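Contents: one structure, followed by commentary.
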Amino acid sequence: MSIPSFGVGTFRLTGQTVIDSVRNALELGYRHIDTAQVYGNEAEVGQAIAESGVARDALFLTTKIWVDHYARDKLIPSLRQSLDKLRTDRVDLALIHWPAPGNGVALAEFMTALAEARALGLTRQIGVSNFNIALTREAIAAVGEGEIATNQIELSPYLQSRKLTAFLQEQGIAVTSYMTLAYGKVLKDPVLMRIADKHQATVAQVALAWALQLGYAVIPSSTRRENLASNLLARDLRLDADDMAQIATLERNGREVDPAGLAPAWD
């Protein structure tokens, strides 16, 4: 089962705000929803889904295991709690949220526990998030080749991570891009603005289309219905070779998220 290329993220959205965002997204046609234990909004996401009337089988639901739950005796119970909050008997994708090197739990232990969760039917697919090449290799060694569905990583025109994405694609591991708009920093980029004018599109659509054309899945979030609708139009935007070449020049290692103790040594 492939990962839908376009989803809605829920990072930093809580309470009624996340309920409204997910409800609007579902009404607009989104069917891929991304959340995480540490976001503190799984119950609200579950409420929005339940009230939407959209059949569970029509949705692709992702959550991420938080570092406090990596030990073998904690991971599966924590995922069961997430399922209760989300009002479902399984997610479509469960990810290890951060590698958290040195947190006291060996990578092989939490990856094996995640594979056990899949064997129990608690998730259909498993994957990782924020892993570098070396740690992804370790994860593959722990669960086997072809078992890791995706590595969800920060990617934007300002952080293109070509070495890591090339490795993932060679391994047949899907790339999921988060923070594709770099917290909105790319929205005023003059190169992207010129490309957007050329296509009569928004800069956000250009950035998302760039990622989609590179074969990545994207999960932008928004609290505004009009932005959720506008973002979806990126699926129909076709950038030409010159557009893509110009965007390639914007690389500046512009990482927005790099938490000490959780992040790896980046490639």
Side-chain angles (χ1 to χ4, degrees), residues 1-11 13 21-22 24-36 45 49 52 54-64 91-95 97 123-131 136 146-162 164-182 186 192 195-196 199 201-222 225 227-241 243-244 247-248:
M1 182 174 59
S2 63
I3 296 170
S5 63
F6 212 104
V8 63
T10 61
F11 177 53
L13 305 183
S21 178
V22 172
N24 282 326
L26 292 173
E27 289 176 356
L28 290 165
Y30 286 80
R31 291 297 180 265
H32 175 190
I33 304 169
D34 181 277
T35 184
V45 169
I49 291 171
S52 72
V54 177
R56 173 64 184 88
D57 288 344
L59 298 176
F60 188 98
L61 185 56
T62 300
T63 197
K64 309 177 199 74
V91 288
D92 299 287
L93 177 63
L95 305 177
H97 203 153
T123 181
R124 290 183 174 180
Q125 297 186 84
I126 61 173
V128 297
S129 183
N130 301 299
F131 276 44
T136 303
E147 300 303 308
I148 295 174
T150 192
N151 186 0
Q152 185 180 122
I153 54 177
E154 181 187 348
L155 284 172
S156 76
Y158 292 165
L159 180 70
Q160 301 188 20
S161 298
R162 295 188 184 100
L164 176 56
T165 55
F167 166 77
L168 294 171
Q169 291 174 325
E170 288 169 4
Q171 296 295 318
I173 296 173
V175 176
T176 303
S177 165
Y178 75 82
M179 215 74 73
T180 315
L181 307 182
V186 303
L192 296 177
I195 295 172
H199 292 279
T202 68
V203 175
Q205 289 165 0
V206 170
L208 294 168
W210 162 81
L212 292 170
Q213 284 185 218
L214 289 174
Y216 310 153
V218 295
I219 47 171
S221 65
S222 181
R225 184 183 176 97
N227 288 345
L228 289 166
S230 177
N231 288 345
L232 269 183
L233 298 178
R235 297 178 300 178
D236 302 319
L237 175 59
R238 295 294 174 265
L239 303 178
D240 60 35
D243 299 330
M244 296 296 282
I247 297 173

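Heads up: numbering here begins at 1 and tracks the sequence. Fair warning: this is a prediction, and the values are worked out from it, not measured in the lab.
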Roughly how far apart are [X] [atom1] and [Y] [atom2], rounded to 0.5 Å?
X      : Y      : atom1 : atom2 : answer
Ile33  : Leu93  : CD1   : CG    : 13.5 Å
Gln171 : Asn151 : CD    : CG    : 11.5 Å
Leu164 : Phe131 : CG    : CZ    : 11.5 Å
Gln125 : Phe60  : CD    : CZ    : 5.0 Å
Leu155 : Met179 : CG    : CE    : 11.0 Å
Thr176 : Ile173 : OG1   : CD1   : 11.0 Å

Would you check if the side chain of [X] reaches a backbone N or O of [Y] as a donor-acceptor pair within less than 3.5 Å?
X      : Y      : answer
Asp92  : Leu61  : yes
Arg225 : Leu228 : no
Thr123 : Ala94  : yes
Thr62  : Asp34  : no
Glu147 : Ile126 : no
Lys64  : Thr35  : yes
Asn130 : His97  : yes
Thr10  : Leu13  : no
Thr180 : Leu208 : no
Ser230 : Asn227 : no

If every non-hydrogen atom of [X] is compared with every non-hydrogen atom of [Y], which pair is closest and at what distance?
X      : Y      : result
Ala36  : Thr63  : CA-OG1, 3.4 Å
Ser161 : Glu154 : OG-O, 4.3 Å
Pro4   : His32  : O-ND1, 3.3 Å
Gln160 : Pro157 : NE2-O, 2.8 Å
Leu28  : Leu232 : O-CD1, 3.6 Å
Ser21  : Val8   : OG-CG2, 4.5 Å

Q. When you look at Ile153 and Leu159, which way does the side-chain contact (heavy atoms from CB on, under 4.5 Å) test go after all the steps?
A. CA-CA 10 Å; Ile153 54 177; Leu159 180 70; over 6 Å; no
Q.
Assess, by modelled atom type and distance only, whether the side chains of Tyr30 and Asn231 contain a donor and an acceptor separated by less than 3.5 Å.
A. no
Q: Run the salt-bridge test on Asp243 and Arg238 with the 4.0 Å N-O cut-off and return the result as yes or no.
A: no
Compile the donor-acceptor pairs under 3.5 Å between side chains in residues 212-222 and protein atoms, sequence neighbours left out, one pair per line.
from	atom 1	to	atom 2	distance (Å)
Gln213	OE1	Leu239	N	2.6
Gln213	NE2	Leu239	O	3.1
Tyr216	OH	Thr165	OG1	3.4
Ser222	OG	Arg224	N	3.1
Ser222	OG	Arg224	O	3.4

